[in-house]
A.B. asks: 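Input: one structure, supplied below.
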Amino acid sequence: MAFLAFGANFNPTQAQSTATVVKGTIKDAVTKEPLIGVSIFIPGTSVGTTTDIEGNYSLKTNQSESKVQFTYVGYKSKTLTITPGQTQVLNVQLESDAKRLKEVVIKGRSRNYSNKNNPAVDLIRLVVDNKNKNRLESYDYVQYQQYDKLQLALSNSPEKLRNNILFKKYDFVLKNIDTTKVAGTAVLPLYMQESISRQFYRKDPEKKKTIVEAEKKVDFGEFVVINSYVKHMYQDIDIYKNNITILTNQFLSPIADLAPTFYRFYVTDTVVVDGQKLTELSFSPKNETDFLFTGKLYVTMDGNYAVQKVDMEVGKKVNINWVRDLHINLDFDRLPNGRYNLSKSVLKSEFAVTQNSKGGVYGERTVSLKDFRINEPKPDGFYEGEATAKLPLAEKQEEDFWAANRHDSLSLSEANTYQSIDSLRNNRSFKRTLDFATMFIAGYKQAGPYFEIGPVNTFYSFNPVEGFRLRAGGRTTTTFSKRVMLETYAAYGFKDEKWKYFLGGTYSLSNRSIFEFPVRALRVSYQKDTKIPGQDLQFVQEDNFLLSFKRGTNDKWLYNETYNIDYLHEFRNRFSFRVGFRNWEQTPAGSLVYRKAIDPSSPEGTPNDGTAGLVENLTTSEFRLELRWAPHEEYVQGKLYRFPIVNRYPVFTLRAAAGVKGLFNGDYDYQNVTLNIAKRFYMSQFGYSDVVAEGGYIFGQVPFPLLAIHRANQTYSYQIQSYNLMNFLEFVSDQYASINIDHCFNGFIFNKLPLIRKTKLREFATLKVLYGKIREENDPKNNPDLLAFPAYATGLPTTYSLEKKPYVEASLGVGNLFKFFRVDVVKRLSYLDHPDVSEIGIRGRFKFDF
């Protein structure tokens, strides 16, 4: 991991002489620990460098000098003789200077650390005050070329990798083991992606444009989708932002506005690079468990107080999962105008199940920027259209193009990754292995090249209406057709002795797979199956085996027969619309019955006694429209579904439906409008809040099955978008507004408590509030033709309106149990007098997160 911390610029005359290269490792003479930030320089010149976080250094000069000096605060300086014109290794051990070290400890690193009268803090505040003028965004126009390389690899000792049982049959992959990437560890590259692009920025009005000139990546085929989630994990590192997102977590920048509140700062050295005086600042967290960095940064002393270099890491005690090691190196080059701009960013991380496990996954992202052009405006029309455009030949560029345009050449191991993984992907044995892995992870198992069966977690389930239920189904693969997907299933309930069916087809109109963003697809389906009223689950099947276990009474069901056709059109700016038509016949099942509120055969005003006015079923025919805008949204596309990756931008979803009476036996005229707004609010060290606000209104007179049936949850899992202590079909409304706040403290409180902070647990707090009402025209008490609300045999109602007070529930939770489980204690705060309700409950939820 040795790197050139500071490289001097040489004039042509100097370049003609033979270069002298000195490199090695510097350690403490007693403890043998590597020393970070040791200054190495040629006396009497501006040529110098410093050691990295592992004590390594490399110094190159074309000057004919025979001495090199090593200095470090708290240690005795050392000067050694070198041979000009040769490459030599000097491993140095520095002896501590007791007197100097004692001074440093008393003044800088004592427990009485204070921001007041601290020159390091004063300097950081100057850096903060000058942040805006030192960012690229301070220019009116900027353009540059960017090279981006990202790779993932298995890491372990060379022997363990060569003896790995997973690769016994694929020895051609093992030939690609690299022992030079990480000191003391071998890595086996399994994934690589590269891109070369031109980046354009306009300040007013602010606009960014990316033109991708070349792009290539390892392709595992349809089994594995890596690109989108890896990009989300390894986001751009901008030291000038207050918060830096890494691996889905936010870390406070060492030059954030509030940095002096959370960091300790020390002036540890001054150096001169390329004629520019720099001050070295070391920083560390005041609380080692907070989402903060440890490292060094170098600040220019020319009045601009710009960052010239950053070398930092995430501490071992930070509350982040699976990460054994994470380092960030940022280099800034001086432009002709004297300003410093980012020239290279390197993020290296190593993942492992535990800190002590030897095997893991190594990841590295390198971003290189060059060819800066400042304040060269483009025509206004240049920035119109999509923010990212890809040249037609971007994915077809030959190796000659890459060799000529890469900012740095690939290592032999990196260069072989594309070819070795391509051979692996086409290996029959490897395909079978991925096939079984996909079945367990995504739920589908291939049954020949054209069809796959699944989802496997729906093959068996049970419920009070159907009893023991078996289901079998599947869908066609992209091998059958990239533009057409057919899916089907059949299910049978052994209690109701009824068959259920589904048949659907999707056709892509974009000449791409129906899974590939942006989607333009037409979908047609027919379904005859059971359903719990008001339960439209997201990302999971309703007959999922794990959802079969429910609390309380759960015997109000529907038999549905649905014909559906819709068209989805997505745009690259993340706006989409969906239009469609649905004909839906719903028949009550279990203890649920549809009957008129007033007995039509009795004298006017006589309540229905339950034996008359029964309605066999309801049929609706409705046209539907959905508008959705999710700025900058990224996705992870699975085999079963595609789910979005949460970011800091809001997501707006507007849904509208219009029922037409008489059309295909439709029974009612009505209109339904719903607006949903979801956003994650990041609060730096205090965690983040996921906030969802929703409101809806139904126009027209309709029976209760067509009102808004608020989403309840009678399972033992904690569902974010449901009311976890509300019973099925307990509340209905024709107008409502709700807000759901789920806050994750990310360990902010637990990290301050002795013993508990070692567990890396995380705190959660949730509040859900629902307001609603029913207009008189939709209240069955006032309208004899409407259906009566469901009730017990005793006449006690089980379905209600929200009257004059809201439904409220709150919960406190502990997350990160075993690194993937969350448990909440949920408290219901209103409508406690309803029958069969739980005032308090414990719910659990699985969630994989860093």
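Throughout, numbering of the chain's residues begins at 1 and tracks the sequence.
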A.B. asks: With Phe291, which of Tyr682, Phe251, Tyr688 fulfils ring pair (Phe, Tyr, Trp, His ring centres under 6.0 Å)?
C.D. replies: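 By the ring pair (Phe, Tyr, Trp, His ring centres under 6.0 Å) criterion, Phe291 pairs with just one of Tyr682, Phe251, Tyr688: Phe251.
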A.B. asks: Does the distance from a Lys or Arg side-chain N to an Asp or Glu carboxylate O, for Arg828 and Glu730, drop under 4.0 Å?
C.D. replies: yes
A.B. asks: Closer than 3.5 angstrom, by distance alone: can the side chain of Asn746 be matched with the main-chain N or O of Phe748 as a donor-acceptor pair?
C.D. replies: no
A.B. asks: Looking only at side chains, do Thr653 and Glu626 share a donor and an acceptor under 3.5 Å apart?
C.D. replies: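 Their side chains do not contain a donor-acceptor pair, so the 3.5 Å distance test is not met.
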A.B. asks: For Asn242 and Ser253, does a side-chain donor sit closer than 3.5 Å to a side-chain acceptor?
C.D. replies: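 Short answer, no.
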A.B. asks: Are a donor atom and an acceptor atom from the side chains of Asn713 and Ser722 found within less than 3.5 Å of each other?
C.D. replies: no
A.B. asks: Using 4.0 Å as the upper bound for N to carboxylate O, is an ion pair formed by Asp236 and Arg365?
C.D. replies: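 A salt bridge links Arg365 with Asp236.
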A.B. asks: Could you check whether His710 and Phe731 have their ring centres less than 6.0 Å apart?
C.D. replies: no
A.B. asks: Would you say Asn727 and Gln714 make side-chain contact, with heavy atoms under 4.5 Å?
C.D. replies: yes
A.B. asks: With a 3.5 Å cut-off and no angle check, do the side chains of Arg628 and Ser576 form a donor-acceptor pair?
C.D. replies: no
A.B. asks: Between Lys348 and Asp325, does at least one N-O distance fall below 4.0 Å, as a salt bridge requires?
C.D. replies: no
A.B. asks: For the CZ atom of Phe265 and the CD1 atom of Ile255, what is their distance to the nearest 0.5 Å?
C.D. replies: 9.0 Å
A.B. asks: Apply side chain to side chain donor-acceptor pair (under 3.5 Å) to Glu809 and list each qualifying residue two or more places apart in sequence or on a separate chain.
C.D. replies: Tyr807
A.B. asks: Under 3.5 Å, is there a donor on one side chain and an acceptor on the other for Ser591 and Asp555?
C.D. replies: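 Checked: Ser591/Asp555 side chains pair up, N/O donor to acceptor below 3.5 Å.
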A.B. asks: Identify whether the distance between the nearest side-chain nitrogen and carboxylate oxygen of Arg578 and Glu570 falls below 4.0 Å.
C.D. replies: no
A.B. asks: Given ring pair (Phe, Tyr, Trp, His ring centres under 6.0 Å), test His834 with Tyr800 step by step and report yes or no.
C.D. replies: CA-CA 9 Å; His834 286 186; Tyr800 305 83; 3.6 Å; yes
A.B. asks: Can you confirm whether the side chains of Asn560 and Asp529 place a donor and an acceptor under 3.5 Å from each other?
C.D. replies: no
A.B. asks: With a 6.0 Å cut-off on ring centres, are Phe468 and Phe462 close enough?
C.D. replies: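 Ring centroids of Phe468 and Phe462 are no less than 6.0 Å from each other.
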A.B. asks: Hydrogens and angles aside, do Arg762 and Asn319 bring a side-chain donor and acceptor to less than 3.5 Å of each other?
C.D. replies: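 The answer is yes; a qualifying pair exists.
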A.B. asks: Between atom CG of Leu252 and atom CD of Gln685, what is the distance when rounded to the nearest 0.5 Å?
C.D. replies: 5.0 Å
A.B. asks: Less than 4.5 Å apart, side chain to side chain, heavy atoms only: is that true for Val823 and Ile842?
C.D. replies: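 The answer is yes, as the side chains (C-beta and beyond) meet within the 4.5 Å cut-off.
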A.B. asks: Could you pull out all residues at least two apart from Tyr697 that satisfy ring pair (Phe, Tyr, Trp, His ring centres under 6.0 Å)?
C.D. replies: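 Tyr697 satisfies ring pair (Phe, Tyr, Trp, His ring centres under 6.0 Å) with Phe699 once adjacent residues are dropped.
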A.B. asks: Decide yes or no for Val769 and Ser738: does some side-chain heavy atom of the first lie under 4.5 Å from some side-chain heavy atom of the second?
C.D. replies: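 In short, these two side chains do not touch, never coming nearer than 4.5 Å.
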A.B. asks: Looking only at side chains, do Asn676 and Glu694 share a donor and an acceptor under 3.5 Å apart?
C.D. replies: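 Present: a donor and an acceptor within the cut-off.
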A.B. asks: Using a 4.5 Å cut-off on heavy atoms from C-beta on, say whether the side chain of Ile239 contacts that of Pro254.
C.D. replies: yes
A.B. asks: Do the charged groups of Glu803 and Lys773 touch, with an N to O distance under 4.0 Å?
C.D. replies: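 No salt bridge links Glu803 with Lys773.
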A.B. asks: Under the side-chain hydrogen bond (donor to acceptor under 3.5 Å, both in side chains) rule, what do Thr766 and Tyr718 come out as? Steps first, then yes or no, please.
C.D. replies: CA-CA 11 Å; Thr766 303; Tyr718 187 86; 3.3 Å; yes
A.B. asks: In this structure, is the centre-to-centre distance between the rings of Phe745 and Phe686 below 6.0 Å?
C.D. replies: no
A.B. asks: Looking at Asp690 and Arg680, does any basic side-chain N land under 4.0 Å from a carboxylate oxygen?
C.D. replies: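 Answer for the salt bridge query: yes.
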A.B. asks: In this structure, which one of Tyr113, Phe262, Tyr263 forms a side chain to side chain contact (heavy atoms under 4.5 Å, CB included) with Lys286?
C.D. replies: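 Looking at Tyr113, Phe262, Tyr263, the match for Lys286 under the side chain to side chain contact (heavy atoms under 4.5 Å, CB included) is Tyr113.
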A.B. asks: What's the separation between atom CG in Asn724 and atom OG in Ser838, rounded to the nearest 0.5 Å?
C.D. replies: 11.5 Å
A.B. asks: As a test of understanding, state which of Lys768, Arg822, Arg845 forms a salt bridge (Lys or Arg N to Asp or Glu O under 4.0 Å) with Asp742.
C.D. replies: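 For Asp742, the salt bridge (Lys or Arg N to Asp or Glu O under 4.0 Å) test succeeds with only one of Lys768, Arg822, Arg845, which is Arg822.
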